[in-house]
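Let me begin by presenting the structure, written as structure tokens, before commenting on it.
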Amino acid sequence: MAEHWVENHRRDSWRRQAKAGGYRARSAFKLKQIQQRFELLREGDVVLDVGCHPGGWAQVAVEEVGETGTVIGIDLQATQPVDGAILLTGDVTDPLIQSRLLEVLDGREINAIVSDISPDITGNWDIDQSVAMSLVAMVFDFGLPRLAAGGTFVTKMFQGVGVEELIAEVRPHFSKVRRFSPEASRNSSSEVYLICRNHTPWGAPETPVSERYEASLGQRLNGESIDVEPTTTRFKVHRRG
Ligand SMILES: C[S@@+](CC[C@H](N)C(=O)[O-])C[C@H]1O[C@@H](n2cnc3c(N)ncnc32)[C@H](O)[C@@H]1O
């Protein structure tokens, strides 16, 4: 009960701060804290914000890249305009929205991909977590070919089965890969952010991340070494409508 109170109190505190700072969502502080720690976004950068609704991360990204930068957001849900950002509505795995993004990029490479994507949930933790991890792998497959050498990829992940496998498959694409829990997301869910720095396209395997990920996960499951840990945490649910 006491833990619950502390958790709710923290959430309210970030919510109040978001409102006071003019941010649409308390999640804005997660990106701000990631930025404070790693200084990933720079003036003039091209940033892709995956799962951008309601626009908190896009607001932070616009502040960081300034007038010379470009922020492009994609979400299943239409996002109210954010000054200085281009916001697309659609599924990031849909070839139509992907080609729309290419049009907007107009030949430019992306310097930083920041993904806070959370799929809708069924309520069954194992299924939801596994769907979320596969979606993250798909975002890597879509994003990596467009990410500049030296670029950055930040993605939310949900703790559980497949995290280690996904990290192993992503590692060859970057010289630095680490997990980070911003203060604003601690105790609120089982989310953790993967911070991938210095994209090294020349060292990466050609097989898509999602294929390698599913294969190594399959091997682990067939080997019956799986140990699904019970958890009381849930996805931070994003409900439409
Ligand atoms: C936690 S919210 C993102 C919050 C956002 N970073 C902010 O600060 O305002 C996660 C978002 O992922 C989006 N999403 C889930 N699956 C998606 C998909 N396949 N394509 C695009 N967006 C998706 C959801 O619609 C939801 O708005």
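Sequence positions, counted from 1, serve as the residue numbers for this chain. Side chains are part of it too, since the values below use all heavy atoms of this structure and drop only hydrogens, waters and symmetry mates.
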Shortest non-hydrogen separation from L87 to Q80 and the atoms involved: CD1-O, 3.5 Å
Residues in ring pair (Phe, Tyr, Trp, His ring centres under 6.0 Å) contact with Y213, at least two apart in sequence or another chain: none
Whether S134 side chain and S130 backbone form a donor-acceptor pair below 3.5 Å: yes
Closest non-hydrogen atom pair, S27 against W57: O-NE1, 2.9 Å
E64 (side chain) donor-acceptor with E43 (main chain) under 3.5 angstrom: no
Y193 vs S185 side-chain heavy atoms within contact, under 4.5 Å: yes
Derivation and outcome, side chain to side chain contact (heavy atoms under 4.5 Å, CB included), residues M157 and L166: CA-CA 10 Å; M157 297 193 308; L166 186 66; 4.2 Å; yes
Nearest non-hydrogen partners of G162 and L217, listed with the distance: CA-CD1, 3.6 Å
R212 to T207 - nearest heavy-atom pair and separation: NE-O, 2.9 Å
R178 atom CZ, over 12 foreign heavy atoms within 6.0 Å: yes
Separation of L48 CG from L105 CG (nearest 0.5 Å): 7.5 Å
Flag, side chain of D45 to backbone of V47, donor-acceptor distance under 3.5 Å: no
Exercise: do E63 and Y23 side chains pair donor with acceptor under 3.5 Å: yes
Test item: R24 side-chain N/O and P54 main-chain N/O as donor-acceptor pair under 3.5 Å: yes
Sub-4.5 Å side-chain heavy-atom contact between R146 and L102: yes
Euclidean distance, C196 SG relative to R171 CZ, rounded to 0.5 Å: 9.0 Å
F142: partners by ring pair (Phe, Tyr, Trp, His ring centres under 6.0 Å), with sequence neighbours left out: none
Residue pair D116 / G51: nearest heavy atoms and the distance that separates them: CB-O, 4.3 Å
Side-chain donor or acceptor of Q159 paired with backbone N/O of V192 under 3.5 Å: no
A28 backbone acceptor or donor facing Q59 side chain under 3.5 Å: no
Chi angles and distances behind the side chain to side chain contact (heavy atoms under 4.5 Å, CB included) call for V177, I195: CA-CA 6 Å; V177 175; I195 314 289; over 6 Å; no
Sub-6.0 Å ring centroid separation between F174 and W202: no
Candidate pair T155 and V139, rule side chain to side chain contact (heavy atoms under 4.5 Å, CB included), full reasoning: CA-CA 9 Å; T155 180; V139 175; 5.9 Å; no
Flag, side chain of E169 to backbone of S210, donor-acceptor distance under 3.5 Å: no
T89 backbone acceptor or donor facing Q77 side chain under 3.5 Å: no
Exam field: side chain D128 to backbone G123, donor-acceptor pair closer than 3.5 Å: yes
Criterion side-chain contact (heavy atoms from CB on, under 4.5 Å) against D49, the qualifying member of T79, I86, V114, V82: V114
E39 versus R42, closest heavy-atom pair with distance: O-NH2, 3.9 Å
Worked verdict on V154 versus I113 for side chain to side chain contact (heavy atoms under 4.5 Å, CB included): CA-CA 6 Å; V154 173; I113 298 174; over 6 Å; no
Worked check of side-chain hydrogen bond (donor to acceptor under 3.5 Å, both in side chains) between K156 and S115: CA-CA 6 Å; K156 176 155 70 185; S115 173; over 6 Å; no
Backbone of L76 reached by a side-chain donor or acceptor of H53 within 3.5 Å: no
Side chains of T93 and D91, donor plus acceptor under 3.5 Å: yes
Gap separating the OG atom of S118 from the CG atom of L135, nearest 0.5 angstrom: 9.0 Å
Of all pairs that satisfy side chain to side chain donor-acceptor pair (under 3.5 Å), the ones with a partner from residues 102-111, not counting sequence neighbours: T70-R108, R100-E103
From CA spacing to verdict: salt bridge (Lys or Arg N to Asp or Glu O under 4.0 Å), E183, K30: CA-CA 7 Å; E183 179 70 25; K30 299 177 193 173; over 6 Å; no
Distance, nearest 0.5 Å, that separates CG of L41 from OG1 of T152: 7.5 Å
Parallel, tilted or perpendicular: rings of H173 and H199 (30°, 60°): parallel
